[in-house]
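Chain identifiers are assigned alphabetically (A, B, ...) following the order of the sequence lines, protein sequences preceding nucleic acid strands; residue numbering begins at 1 within each chain.
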Number of protein chains: 2
Amino acid sequence: MGATKTEHFSPKVNAIASLAKAIGHPARVAIIEYLLKVNTCICNDIVNELPLSQPTVSQHLKALKEAGLIQGEVEGNSICYCINPKAIEKLNNYFGKLSAKISTEHLNCCTK
Amino acid sequence: MGATKTEHFSPKVNAIASLAKAIGHPARVAIIEYLLKVNTCICNDIVNELPLSQPTVSQHLKALKEAGLIQGEVEGNSICYCINPKAIEKLNNYFGKLSAKISTEHLNCCTK
DNA sequence: ATTCTTTATCGTAATATTGCAATATAATTT
DNA sequence: AAATTATATTGCAATATTACGATAAAGAAT
């Protein structure tokens with residue numbers, strides 16, 4: 001026991017969970033915010049920006065990359081990381097749909 | 001070491017991370033989808049719907065509740081759980097803003 | 001009152017995540 | 001080629017999460 005039973009859930013559900021999980025850490029939210037703010041991206045900037053060691057930041061960047069939320073490109077001796085718009089769009093789409101569903105079909109219980 | 005350094009990040013960043021983290025598990029995505037689908041909510045339905053034991057489902061429900069994503073109300077001898085529209089709205093808002101920012105200021109690197 | 005139903009909690013094992021120091025790698029500069 | 005710079009990987013300790021059997025709690029039905 002202990003391991004998530006991903007295989008029992010649909011690919012769609014797993015896809016959303018995996019994106020959300022990647023964002024589910026403040027350091028990784030901060031990284032995304034920073035990439036968006038500077039609108040250009042070299043990892044060392046991020047290390048300086050975060051209250052975490054270089055290896056830890058590298059690890060978080062890896063997690064974001066594996067989830068498809070950011071992309072990295074070798075650029076000289078540093079690496080250019082930036083947001084993958086498609087991943088954010090997927091999340092935006094998903095929560096947009098949830099929101100729409102909720103506001104149209106107002107729930108028939110828990111009426112508080 | 002091992003514990004997330006939440007205290008080093010802004011409340012806003014922590015709030016998003018905590019919501020995303022709660023959704024970051026397929027069982028919890030499935031729970032939300034189910035609550036939305038049936039548009040009414042008794043936990044036992046959810047247990048039957050998921051490939052997980054009752055205690056595990058209960059644990060996931062607790063996680064969702066603590067994150068503010070669902071609400072529960074005692075209803076006879078069962079509990080009526082349902083989505084908290086405000087939490088979904090927060091996420092929708094956040095990713096909407098990210099998406100908008102990305103599409104307007106197109107990134108000046110990683111141009112692939 | 002006893003039994004049934006529904007949900008929560010406890011205890012515990014398996015696994016995953018977080019964080020960092022040390023080290024490795026690889027391009028850049030000197 | 002040595003030193004520097006930027007990033008990744010390894011190894012490991014601390015902590016958190018996931019899952020479930022057993023059990024508890026609490027209202028409902030008999």
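- Going from atom NZ of A:Lys62 over to atom C1' of D:dT7 covers 12 Å, rounded to whole Å.
- Side-chain N/O atoms of A:Lys21 include one lying less than 4.0 angstrom from OP1 or OP2 on C:dT17.
- Partners of B:Lys12 according to the salt bridge (Lys or Arg N to Asp or Glu O under 4.0 Å) rule, which considers only residues two or more places apart in sequence or in another chain, are A:Glu33.
- Put simply, CG on B:Leu61 is 15 Å from P on C:dT6, counting in whole angstrom units.
- The backbone N or O of B:Gln54 lies less than 3.5 Å from no partner atom in the side chain of B:Ser58, so there is not a single donor-acceptor pair.
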Any N/O pairs under 3.5 Å between the protein and nucleotides 1-5 of chain D? List them or say none.
from	atom 1	to	atom 2	distance (Å)
D:dT5	O2	A:Asn77	ND2	3.3

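- Residue order along DNA chain C, read from the 5' end via each residue's closest nucleotide, puts A:Thr4 first among A:Thr4 and B:Thr4.
- As rounded to whole Å, 14 Å separates atom C1' of C:dT17 from atom CG of A:Leu64.
- Between the side chain of A:Gln54 and the base of D:dA8, a donor-acceptor pair under 3.5 Å is found.
- Nearest-nucleotide positions on DNA chain C place A:Gly24 closer to the 5' end than the other of A:Pro55 and A:Gly24.
- Atom CD1 of B:Ile23 sits about 11.5 Å away from atom CD1 of B:Ile31, to the nearest 0.5 Å.
- For A:Ser53, the side-chain hydrogen bond (donor to acceptor under 3.5 Å, both in side chains) partners at least two apart in sequence or on another chain are A:Thr56.
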Under the criterion side chain to side chain contact (heavy atoms under 4.5 Å, CB included), I'd like the reasoning laid out for B:Asp45 against B:Val38: C-alpha separation, chi angles, the key distance, then a yes or no.
CA-CA 10 Å; B:Asp45 289 358; B:Val38 298; 5.7 Å; no

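- Scanning atom types as modelled, no donor and acceptor separated by under 3.5 angstrom connect the side chain of A:Gln59 and the base of D:dA8.
- Using a 4.0 Å cut-off on heavy atoms, none of the residues of residues 11-20 of chain B approach DNA chain C.
- Residue A:Lys5 places at least one side-chain N or O under 4.0 Å from the OP1 or OP2 atom of D:dC20.
- At the phosphate of D:dA8, OP1 or OP2 sits under 4.0 Å from a side-chain N or O atom of A:Ser58.
- Using a 4.5 Å cut-off on side-chain heavy atoms (C-beta onward), A:Val57 and A:Leu50 make contact.
- Distances shorter than 4.0 Å separate none of the side-chain N or O atoms of B:His60 from OP1 or OP2 on D:dT17.
- When distances are taken from the side chain of B:Leu52 to each of D:dA6, D:dC20, C:dT7, the shortest belongs to D:dC20.
- Rounded to whole angstrom, the span from the CD1 atom of B:Ile46 across to the C1' atom of C:dT7 amounts to 11 Å.
- Screening residues 13-23 of chain A for side chain to side chain donor-acceptor pair (under 3.5 Å) gives no qualifying pairs among residues at least two apart or on separate chains.
- Note on B:Tyr81: every side-chain N or O is 4.0 Å or more away from OP1 and OP2 of C:dT6.
- Between the CD atom of A:Glu49 and the C1' atom of D:dA6 there is a distance of 17 Å, rounded to whole Å.
- Contact annotation: B:Ser53 reaches the phosphate of D:dC20 (side-chain N/O to OP1 or OP2, under 4.0 Å).
- Counting any heavy atom pair closer than 4.0 Å across all strands shown, B:Thr56 reaches a base atom.
- Ring orientation note: the planes of A:His25 and A:His60 are tilted relative to one another, at an angle of 30° to 60°.
- Scanning for side-chain hydrogen bond (donor to acceptor under 3.5 Å, both in side chains) contacts around B:Asn92 gives A:Ser99, with sequence neighbours left out.
- Between the B:Asn84 side chain and the B:Gly68 main chain, a donor and an acceptor come within less than 3.5 Å of each other.
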